[in-house]
Amino acid sequence: MDLYPLYNSLRIAGISTIIVLIVGIAAAWFVVRLPRIIKGILDCIFTLPLVLPPTVVGYLLLLLFGPKRPIGEWFLNVFGLRLTMNWWSAVFATTVIIFPLLYRTARGAFEAFDMTYAQAGQTLGLSNSYIFFRIVLPTCKTGVIAGTVLAFARALGEYGATTMIAGYTPGRTATISTTVYQLWRTDNSGLAIKWVLINIAISATVLLAINIIEGKQRSAVKKENR
């Protein structure tokens, strides 16, 4: 049994999660402090990939990064680098797909944060970066961690956009999801079921981790209210 699809899926999901962890937290903290109208507009834009069909997201990415499109053609001509049909092309797709999950979770955590703590830090002369990294993030870490785990799980199972921009090549771009589909097409149900069980096991572990994190958060809230 070739384990490359598992390795590739974990690699793509890991890289995508790291990217959205940084960008998603920054975007959530930026948006949560904006006026209501601007916040609503940006929130709609950042959340849009969550409601769009993955194939539509993949198609839009092809319009940007395809070899005959401006960005893709420039990279191909200048660097000799093709932005589609590589394993790391799937990182573009999964990053866009999972971004709203972490963004909305982080935004919710930041909205629940008591800003008087930040204001108190400012009166003491603390810098904004110190307040964010030493006060805000530690306070909101449970929600951010839960969003990170959820985003990783979603990236691990992404199929539609990944297929559009990275395709399926055994040993090069194959992921668990694309492998299951190809095995089904070739009537290899036995191996397909094995990959399905692997995916279920990983997903169940991730969901268990989320439940544990949320349980700890509820316990902490109960202790604070006593």
Side-chain angles (χ1 to χ4, degrees), residues 9 12-66 69 71 83-84 88-115 118 128 132-133 136-166 175-178 199 202-203 206-207 209-211 213-214 217-218 221:
S9 295
I12 293 169
I15 295 173
S16 303
T17 302
I18 292 173
I19 294 173
V20 299
L21 178 62
I22 298 171
V23 179
I25 288 176
W29 182 241
F30 173 75
V31 168
V32 79
R33 297 176 296 161
L34 292 175
R36 179 177 298 179
I37 296 178
I38 300 177
K39 180 193 295 185
I41 295 173
L42 289 179
D43 189 62
C44 180
I45 294 173
F46 290 155
T47 310
L48 193 59
L50 188 64
V51 296
L52 285 176
T55 50
V56 172
V57 174
Y59 177 72
L60 293 175
L61 289 173
L62 283 176
L63 293 180
L64 290 174
F65 300 130
R69 301 297 176 177
I71 297 177
L83 298 183
T84 59
W88 43 266
S89 301
V91 174
F92 302 148
T94 52
T95 298
V96 174
I97 292 293
I98 69 175
F99 172 81
L101 295 174
L102 196 141
Y103 160 74
R104 290 189 69 88
T105 306
R107 195 202 67 188
F110 292 151
E111 286 177 341
F113 175 73
D114 188 352
M115 291 300 293
N128 290 331
F132 179 73
F133 287 106
V136 178
L137 269 185
T139 304
C140 303
K141 66 179 180 180
T142 303
V144 173
I145 293 173
T148 303
V149 175
L150 186 62
F152 176 82
R154 178 65 183 86
L156 198 63
E158 211 294 307
Y159 172 78
T162 298
T163 305
M164 294 285 289
I165 196 170
T175 63
I176 294 177
S177 300
T178 57
N199 205 355
I202 296 174
S203 300
V206 170
L207 290 175
I210 293 175
N211 289 335
I213 292 171
E214 291 179 345
Q217 186 179 24
R218 286 192 293 268
V221 171

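The first residue in the sequence is number 1, and the count goes up from there.
With values rounded to the nearest 0.5 angstrom, Ser16 atom OG is found 12.0 Å from Leu21 atom CG. For the atom pair CZ (Arg107) and CZ (Phe30), the distance works out to 14.5 Å, reported to the nearest 0.5 Å. With rounding to the nearest 0.5 Å, the separation of OG1 in Thr105 from CG in Leu150 is 6.0 Å. Between atom CG of residue Leu156 and atom CG of residue Asn199 there is a gap of 6.0 Å, rounded to the nearest 0.5 Å. To the nearest 0.5 Å, the span separating CD1 on Ile41 from CZ on Arg36 amounts to 13.5 Å. For the atom pair NZ of Lys39 and CZ of Arg33, the computed distance is 11.0 Å after rounding to the nearest 0.5 Å.
You'll find the side chain of Ile38 stays beyond 4.5 Å of the side chain of Val31, heavy atoms only. Counting heavy atoms from C-beta outward, Leu83 and Trp88 have side chains that approach closer than 4.5 Å. For the pair Thr94/Arg154, no side-chain contact is recorded, criterion being any heavy-atom separation below 4.5 Å from C-beta on. Between Leu62 and Met164, some side-chain heavy-atom pair lies under the 4.5 Å cut-off. Looking at Leu102 and Ile25, their side chains come closer than 4.5 Å, going by heavy atoms from C-beta outward. Counting only heavy atoms from C-beta outward, the side chains of Phe152 and Ile98 never approach each other to under 4.5 Å. Residues Pro54 and Val57 are not in side-chain contact: their nearest non-hydrogen atoms beyond the backbone lie 4.5 Å or more apart.
Within 6.0 Å of CZ in Phe132 there are more than 12 heavy atoms belonging to other residues, nucleotides or ligands.
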Could you walk me through whether Phe46 and Val23 satisfy the side chain to side chain contact (heavy atoms under 4.5 Å, CB included) test, starting with their C-alpha distance in whole Å, then the side-chain angles of each, then the deciding distance to 0.1 Å, before giving a yes or no? CA-CA 11 Å; Phe46 290 155; Val23 179; over 6 Å; no
Under the side chain to side chain contact (heavy atoms under 4.5 Å, CB included) criterion, do Thr163 and Thr55 qualify, and how do the steps go? CA-CA 8 Å; Thr163 305; Thr55 50; over 6 Å; no
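The nearest pair of heavy atoms linking Leu101 to Ala151 is CD1-CA, 4.3 Å. The nearest pair of heavy atoms linking Ala93 to Thr162 is CB-N, 3.9 Å. Listed here is the closest heavy atom pair of Gly157 and Ser177: O-OG, 3.2 Å. What you find for Pro100 and Ile97 is that their closest heavy atoms are CD-O, 3.3 Å.
The aromatic rings of Tyr103 and Phe99 lie parallel to each other, their planes meeting at an angle below 30°, with 60° marking the opposite boundary.
Under a 3.5 Å cut-off, the side chain of Glu111 and the backbone N or O of Phe113 do not form any donor-acceptor pair.
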